[in-house]
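Note that these values count all heavy atoms, side chains included, but never hydrogens, waters or copies made by symmetry.
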Amino acid sequence: MQRQKIVIVGSGLAAYVLASESWQHSDVTILTKNTTNDSNSIRAQGGIAAAVSSKDQWHLHAEDTLKAGVFHNHQKAVETLAKEGKQVVKSLLQQGFPADRNQHGELLLGREGAHSERRIIHAGGDQTGKYLIHFYQQILQGKITIIEGQLAVDCVIEAGECKGIITMDQDNQLHTYTADHIVLATGGFGALYETTSNDPSATGDGIAIAYRAGARVSDLEFVQFHPTMLATQAPYNDLISEAVRGEGAILVDQNGREIMKGAHPLENLAPRDIIARVMMTELTKGNRLYLDIHQIKNFQTKFPFIKSVCEKNNIDWQQGLIPVNPGAHFTMGGVETDLQGRTNIPRLYAIGEVACTHVHGANRLASNSLLEGLVFATRLADYLKTQSSVPSSSISLVQPLHHRFHHPDLHTLRKQMTNHVGINRSESGLNEMLEWLVKFTIIQDNYLSRYTTSRDQIQMQHHLQVAQLVTKAARKRIESRGAHYRVDYPFKSEQWENKRITYQLTKQGVTV
């Protein structure tokens with residue numbers, strides 16, 4: 001039987017898990033925009049949520065996930081995540097993943113916001129993502145092909161199926177990769193905001209590519225803002241993990257006033273959207289905000305990475321106060337898939353943060369993102385094992401068309417997204433954003449590769465396309481739900497209960 005060819009675009013956790021489950025029966029190639037160490041996964045601090053403790057049960061984890069997602073979640077997806085997540089994590093530990101344990105060899109389980117139990121498995125204290133990526137990189141050494149510096153441009157669609165992916169290298173040269181299966185694992189779009197925990201590469205490329213190819217994209221208005229990022233002048237921010245608050249840190253202003261007192265019953269462990277909004281209110285009053293870590297014993301051994309980033313930024317953590325601001329962290333929406341990772345386009349798949357199975361609902365529960373990568377990549381691998389290879393087709397690139405591109409710079413786009421499509425949104429701000437966007441070139445064509453472009457121009461086309469779709473979705477949802485907050489419609493509306501905003505580019509135009 002002929003080996004299948006799988007091309008995975010992206011090099012975060014979901015990509016590696018799929019590759020590790022597929023290399024024995026398929027030829028696997030990973031294409032990544034920059035290097036294999038540029039991803040959100042490698043920056044993930046908190047850990048993996050899973051009901052592995054004897055005191056815990058998967059249905060309690062599912063319940064917490066639904067509550068955090070304001071019940072906008074797909075119930076079956078949540079049950080799958082919690083139930084299969086428990087098994088996948090146990091299997092990971094059996095394979096020798098070096099999770100943190102006490103001197104008796106028992107797992108050190110952390111507690112994070114909106115979790116009813118201690119169920120966060122972590123490694124290296126606050127370096128779980130880094131440990132996971134290195135764990136899978138070692139497993140895959142010499143078993144798959146990895147090509148760095150490849151910016152994805154277009155899906156190749158023939159006879160309604162995805163036959164390949166077109167990329168551009170760092171010398172502005174186009175390349176075409178054909179395969180039986182094309183998998184998008186490109187991450188979210190949090191780096192389109194000014195304050196963000198995201199890797200600079202996380203700008204929504206996969207969403208833009210899939211949308212132009214005719215795939216459905218959904219729930220894009222739901223962007224999670226993490227309350228605690230290190231407040232510095234850096235263009236991309238280091239995250240101060242929620243696990244720090246789980247261990248007893250308290251949010252205070254410059255006078256030591258506890259800002260979450262009376263704001264929510266869970267105070268410093270309230271859902272992220274609520275804390276982020278309280279912080280925004282304080283910041284607009286001109287207050288400075290800090291994490292008070294005085295109560296945490298052995299801070300430097302529990303959080304070695306956070307200690308090092310404080311020192312790198314000349315912040316004396318030993319004084320007990322770490323300056324923080326809220327910022328873009330995770331995107332719940334993306335390319336719509338079923339629970340096997342299949343999009344509406346045959347042979348095109350999406351896994352990880354770029355995908356939208358509706359598992360996170362309107363707001364992701366802490367530490368469910370690494371779990372999502374593990375569970376749904378494993379499910380896709382199981383599905384692909386049942387598929388057979390298809391005859392390869394030759395794909396020819398058409399003669400490029402010349403086009404004048406009018407683009408903003410990325411710094412300005414990020415500022416506009418933060419101001420108008422950020423933590424607090426309004427109709428006037430969203431309209432202002434859409435009016436600003438129409439001044440620029442946004443090509444509504446299935447193939448960007450038809451045009452004579454540079455790598456920077458392709459990147460900006462992806463950015464602008466995603467920014468426009470997110471803004472339109474945020475304007476359309478005239479209510480507040482989870483991470484989507486409208487100051488002009490501050491409450492949930494029954495009319496919007498279980499309603500999804502989905503966009504698809506077809507020959508007839510955009511369907512909503």
Side-chain angles (χ1 to χ4, degrees), residues 37 40 42-47 100 108 110-113 120 122-131 190-191 193-200 225-261 263 266-270 272 275-330 366-367 414 418 423:
N37 289 325
N40 278 349
I42 209 162
R43 298 163 78 104
Q45 294 175 13
D100 294 340
L108 287 169
R111 171 105 186 261
E112 290 182 3
I120 316 302
H122 47 87
D126 54 1
Q127 302 170 86
T128 312
K130 183 177 166 185
Y131 274 61
Y193 288 88
E194 219 174 2
T195 303
T196 178
S197 63
N198 282 216
D199 186 85
F225 292 85
H226 197 290
T228 54
M229 290 181 200
L230 195 63
T232 67
Q233 296 305 307
Y236 296 89
N237 306 71
D238 287 299
L239 186 73
I240 305 299
S241 169
E242 192 155 315
V244 178
R245 280 175 285 128
E247 291 298 322
I250 296 162
L251 281 160
V252 298
D253 66 9
Q254 69 275 11
N255 302 314
R257 180 177 60 90
E258 294 184 29
I259 66 163
M260 289 308 296
K261 265 232 180 313
L266 291 173
E267 295 188 355
N268 291 280
L269 288 175
R272 290 173 175 179
I275 297 178
R277 285 200 294 278
V278 170
M279 290 176 76
M280 275 308 287
T281 304
E282 295 294 333
L283 290 165
T284 51
K285 288 179 189 169
N287 288 326
R288 295 187 307 281
L289 301 177
Y290 301 88
L291 265 180
D292 183 336
I293 60 168
H294 282 103
Q295 291 184 55
I296 303 176
K297 289 178 184 165
N298 305 319
F299 180 83
Q300 67 270 40
T301 51
K302 282 180 180 166
F303 303 106
F305 177 75
I306 295 170
K307 167 189 169 284
S308 72
V309 297
C310 284
E311 289 171 356
K312 185 180 79 182
N313 288 281
N314 299 315
I315 291 161
D316 186 1
W317 59 272
Q318 293 186 74
Q319 294 296 313
L321 293 175
I322 299 175
V324 288
N325 279 336
H329 183 52
F330 189 87
S367 287
R414 292 176 76 206
T418 301
I423 294 172

For Gly190 and Ala328 the tightest heavy-atom approach is O-CB, 3.6 Å
Starting from the C-alpha separation in whole Å, work towards a yes-or-no answer on side chain to side chain contact (heavy atoms under 4.5 Å, CB included) for Glu247 and Lys297. CA-CA 9 Å; Glu247 291 298 322; Lys297 289 178 184 165; over 6 Å; no
* Hey, are the side chains of Leu291 and Leu251 touching, using non-hydrogen atoms and a 4.5 Å cut-off? -> yes
Distance col, row Lys302:NZ vs Ser241:OG, nearest 0.5 angstrom, shows 12.5 Å
Between Thr418 and Thr195, the two heavy atoms sitting closest are OG1-N, 4.5 Å
Practice task
Flag yes if more than 12 heavy atoms outside Gln254 fall under 6.0 Å of its CD atom; otherwise flag no.
Solution key: yes
Nearest heavy-atom contact between Glu112 and Ala243 is OE2-CB, 3.8 Å
So CG of Leu108 and CD1 of Ile120: to nearest 0.5 Å the spacing works out to 13.0 Å
| task | Please check if any side-chain donor atom of Ser197 sits under 3.5 Å from a side-chain acceptor atom of His329, or the reverse. | result | yes
- Just by modelled atom types, is the Phe305 backbone N or O under 3.5 Å from a matching donor or acceptor in the Asp126 side chain? yes
Distance col, row Ser308:OG vs Phe303:CZ, nearest 0.5 angstrom, shows 13.0 Å
d(Gln45 CD, Ser367 OG) to nearest 0.5 Å is 10.5 Å
So Met260 and Val278, do their side chains get closer than 4.5 Å, heavy atoms only?
yes
Between Gly124 and Pro304 the two heavy atoms that sit nearest each other are O-CG, 3.7 Å
For Arg277, the salt bridge (Lys or Arg N to Asp or Glu O under 4.0 Å) test, sequence neighbours excluded, returns Asp273
Residues passing the side chain to side chain donor-acceptor pair (under 3.5 Å) test with Asn313, sequence neighbours excluded, are none
Whether the side chain of Thr196 engages the backbone of Tyr193 through a donor-acceptor N/O pair (distance < 3.5 Å, no angle test) should be reported. no
Side-chain donor-acceptor pairs of residues 317-325 under 3.5 Å, sequence neighbours excluded:
unit_1: Trp317; atom_1: NE1; unit_2: Glu311; atom_2: OE2; d: 3.0
unit_1: Gln319; atom_1: NE2; unit_2: Asp316; atom_2: OD2; d: 3.3

* Can you find a pair of side-chain heavy atoms, one from Met279 and one from Ile423, that are under 4.5 Å apart? -> no
Does this structure show an ion pair linking Lys312 with Asp238, if we count only N-O contacts that are shorter than 4.0 Å?
yes
**Prompt:** Stepwise, does the side chain to side chain contact (heavy atoms under 4.5 Å, CB included) test hold for Thr228 with Val244?
**Reply:** CA-CA 10 Å; Thr228 54; Val244 178; over 6 Å; no
To the nearest 0.5 Å, atom CG of Asp253 lies from atom OH of Tyr290 at 9.5 Å
message: What verdict does the side chain to side chain contact (heavy atoms under 4.5 Å, CB included) test give for Phe330 and Asn40, after you've listed the backbone C-alpha separation in whole Å, the side-chain angles of each residue and the deciding distance to 0.1 Å?
response: CA-CA 9 Å; Phe330 189 87; Asn40 278 349; over 6 Å; no
In terms of heavy-atom contacts, Pro326 and Leu283 come closest through CD-CD1, 3.6 Å
Pro200 and Arg43 have their tightest heavy-atom pair at CD-NH1, 4.1 Å
List the steps, then state whether side chain to side chain contact (heavy atoms under 4.5 Å, CB included) holds for Thr232 with Ile315.
CA-CA 9 Å; Thr232 67; Ile315 291 161; 4.3 Å; yes
In this structure, CE of Met229 is separated from CG of Asn237 (nearest 0.5 Å) by 6.5 Å
